[in-house]
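We name chains A, B, ... by the order of the sequence lines, and we start the count at 1 in each one. Keep in mind that the numbers below use all heavy atoms, side chains included, and drop hydrogens, waters and symmetry copies.
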Amino acid sequence: MIRACGLAIGVGIAAGGCALGTALVGLADLSLWSVLAPSIGSTTLAAVLLMAYGGAAERSAAQLSQPVPGGDASAPGAAWPALQRWIVAELYSAVLNRLRIQESLESSLRAADVRLRVAELEARHSRELLDALREAVVATDRFGDLVFINSAAARLFGLDPEKSIHQRVDKVITDPSIARLFRETQPARSEAGRKVFEQSFKVMDRPVDFEVAFSGVALSESKDERGLMGVFRDVTREREISKAKTDFVAKASHELRTPLANIRARIEMLADGDVQDEGMRAEFYAVIQSETLRLGQLVDQMLNISRIEAGITQAKWEEVDLAALAQQAVDVVRSQAQDKRITIESRAGSLSYTAMADREMMLQVLINLVSNAVKYTPEGGHVTATTEVSNDNEAVTVFVDDTGLGIPPEALPKMFQKFYRVEQHQNFAKGTGLGLNLVKQVVEVMHNGEVGVTSAVGKGSRFWVTIPCRRKK
Amino acid sequence: MARILVIDDEVHIRQVVSLKLSSAGHEVIQASNGADGQETALVHKPDLIITDYQMPRMNGLEMCRALRQHADIGPIPVILLSGREQFIAPAEMAAVGIVTSLGKPFSPRELLQKVTEVLDSASRARKAG
């Protein structure tokens, strides 16, 4: 019995010593813990320890909170196992506490890692959003050093974002007016609200109109760390459109006022009895009538162009024989030609000249071209409308040739612009300056075709329109 | 009665104005653009010019400015008859001798009234001078 007890104590001490050694090594070697803990977990480790300590340790585990070893201290030979159990229990408790702390730290680390990743993702997202902007964004700190530029700004100012950051803004953006704008705005704006400037800068040797919005931005949580953000919006195109609109209104109102002035003045003079001569009165009535027609035509053309430009004109697509349509246009204008003793004809071969088109719109196009040819051809001239089909049978072209005044080379590129009229022709014939623009809109916008003109002053002009035979899907 | 030069690129406007003025007993001469208007003014030395603004070759304002350079014809009062008169500053008009303006569409009756006023005023100024 004594021998058996002694053996048990010996084994117990040996086991306790071994467990103590293992625990100390484990505690000292935190790196081992950090490797083991995530992979096997604290519960598994506790189980391993319990297995190592045997039943004594298992029993002691139930008394973890006991500061002093329990057991029967008065019993002879019972002190060693009790001490052992106490040591093992204390060690076990320390290991478990350590594991809990480790686990809590790891959990905090994981949470911080997630927060960091989310922050990185948000930062990348914000960066991508700023890079996707068409506006150039430039931010400086309170000393005027660049802290941020987006892709548009890098492209606009020809900068390398990597190399430009932390450089002085006036060193990297070379245009002196932009640098001055930043310098002068910096002290005032970094604290105040938004301020918008409009300025024209030279960018890549090209004048560009910009709307620049400056606002103060917080660069960190500190109140002192405020910078300046400039958002550059290229408004050149907007300005051009606005100017084109203003020009259009000015030109349109001038074109409308002229016939209106004529009508009003003549009606008043007729009403006042200023026109006594019968022949003169008849002429007054004729002018009022033709000017009224001119007004109506002008308004119709303006509306047609406006509808096509706005994309609200619905074409009625059908197979149209362009040669037959050219003949029809010639017939419409024939009496106008005869008044000036101008010979007018339509020519086409025996091929098929059909194309998918809006019949009414294309007839208007051809009437405008043939009528113009007659208007700007002196008495006794010739006007010919010739229809041809392309070699690959993909497109039909109508050429309108005249032996008229001809167009100076400098005027040729402007012939299809709204309200453009060749200066030398203005006293030769009346026009709205919209007929050829309508031709261009109908052919190019509605029919996906092309228009063109060649001319020689004093010899004549050739206007042509080409439309594809089939509509592109 | 006075000699009046009417300058407009629209033949119908020239015709109406000329008829109204000649009916009132004035002598009317015509020109169809600014450059021709300047030449005609230098040759015929009118008492009054009625001119459009927007014309080929030389606009109404440029023509008036050019005429002011010729000391031999003296200052000729000008009436601007145009659809763009509201876009020209009064000071700019006064600087080139435009004494009054009338917008298009216009009343020939009102134009004749302005012509009479301007001629009377010029006549009074001559007498006073």
Side-chain angles (χ1 to χ4, degrees), chain A residues 243 246-247 249-295 298 408 410-411 414 419-433, chain B residues 6-26 28 30-37 40 50-62 79-88 101-116:
Chain A
K243 189 180 176 303
T246 310
D247 289 351
V249 171
K251 284 176 183 169
S253 62
H254 178 260
E255 292 301 324
L256 291 168
R257 272 171 199 274
T258 307
L260 264 179
N262 233 327
I263 294 165
R264 180 181 168 181
R266 280 167 197 269
I267 288 174
E268 186 190 289
M269 286 178 74
L270 285 168
D272 284 0
D274 285 338
V275 195
Q276 297 298 322
D277 181 73
E278 189 64 37
M280 183 67 85
R281 256 207 309 274
E283 194 193 319
F284 264 52
Y285 288 130
V287 170
I288 290 169
Q289 201 169 24
S290 73
E291 290 293 75
T292 311
L293 287 172
R294 183 177 159 194
L295 261 183
L298 194 64
E410 68 275 11
K414 303 177 197 163
F419 295 118
Y420 180 76
R421 295 199 65 206
V422 178
E423 199 178 304
Q424 295 87 329
H425 293 180
Q426 290 189 10
N427 291 331
F428 192 80
K430 277 194 180 299
T432 58
Chain B
V6 177
I7 312 165
D8 201 304
D9 56 334
E10 276 282 326
V11 63
H12 293 314
I13 300 290
R14 293 203 303 270
Q15 190 190 32
V16 168
V17 173
S18 300
L19 183 63
K20 188 73 185 179
L21 297 176
S22 53
S23 300
H26 297 294
V28 182
Q30 299 181 21
S32 62
N33 60 62
D36 287 353
T40 312
I50 298 170
T51 185
D52 187 14
Y53 171 75
Q54 202 170 356
M55 292 182 292
R57 293 179 66 193
M58 187 187 266
N59 72 37
L61 219 58
E62 289 166 349
I79 296 175
L80 184 72
L81 180 63
S82 168
R84 297 180 72 83
E85 89 288 351
Q86 70 269 38
F87 297 108
I88 307 163
S101 65
L102 200 60
K104 284 178 184 173
F106 67 102
S107 153
R109 209 185 302 138
E110 200 181 333
L111 177 65
L112 182 62
Q113 197 181 326
K114 280 191 184 279
V115 166
T116 309

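Top candidate by heavy-atom pairs under 4.5 Å with chain A, chosen from B:S23, B:G103, B:S107, is B:S107. The most heavy-atom pairs under 4.5 Å with chain A, out of B:V16, B:I13, B:L111, B:D8, come from B:V16.
Separation of atoms CZ (B:R109) and CG (A:D272) is listed at 4.0 Å; rounding is to 0.5 Å. Annotation: the span from A:E268 atom CD to B:F106 atom CZ amounts to 8.5 Å, rounded to 0.5 Å. Note that CG of A:L256 and NZ of B:K104 are 13.5 Å apart. Values are rounded to the nearest 0.5 Å.
Nearest approach of A:R264 to B:P105, heavy atoms of both residues: NH1-O, 3.4 Å. The nearest pair of heavy atoms linking A:E283 to B:Q15 is OE2-NE2, 2.6 Å.
Annotation: side chain of B:L19 is in contact with side chain of A:V275 (closest heavy-atom distance under 4.5 Å).
For a residue to count as touching a neighbouring chain, one of its non-hydrogen atoms must lie under 4.5 Å from one of that chain's; by this rule A:Q276 does not touch chain B.
A:R266 contributes a side-chain N or O that, together with a main-chain N or O of B:H12, makes up a donor-acceptor pair within less than 3.5 Å.
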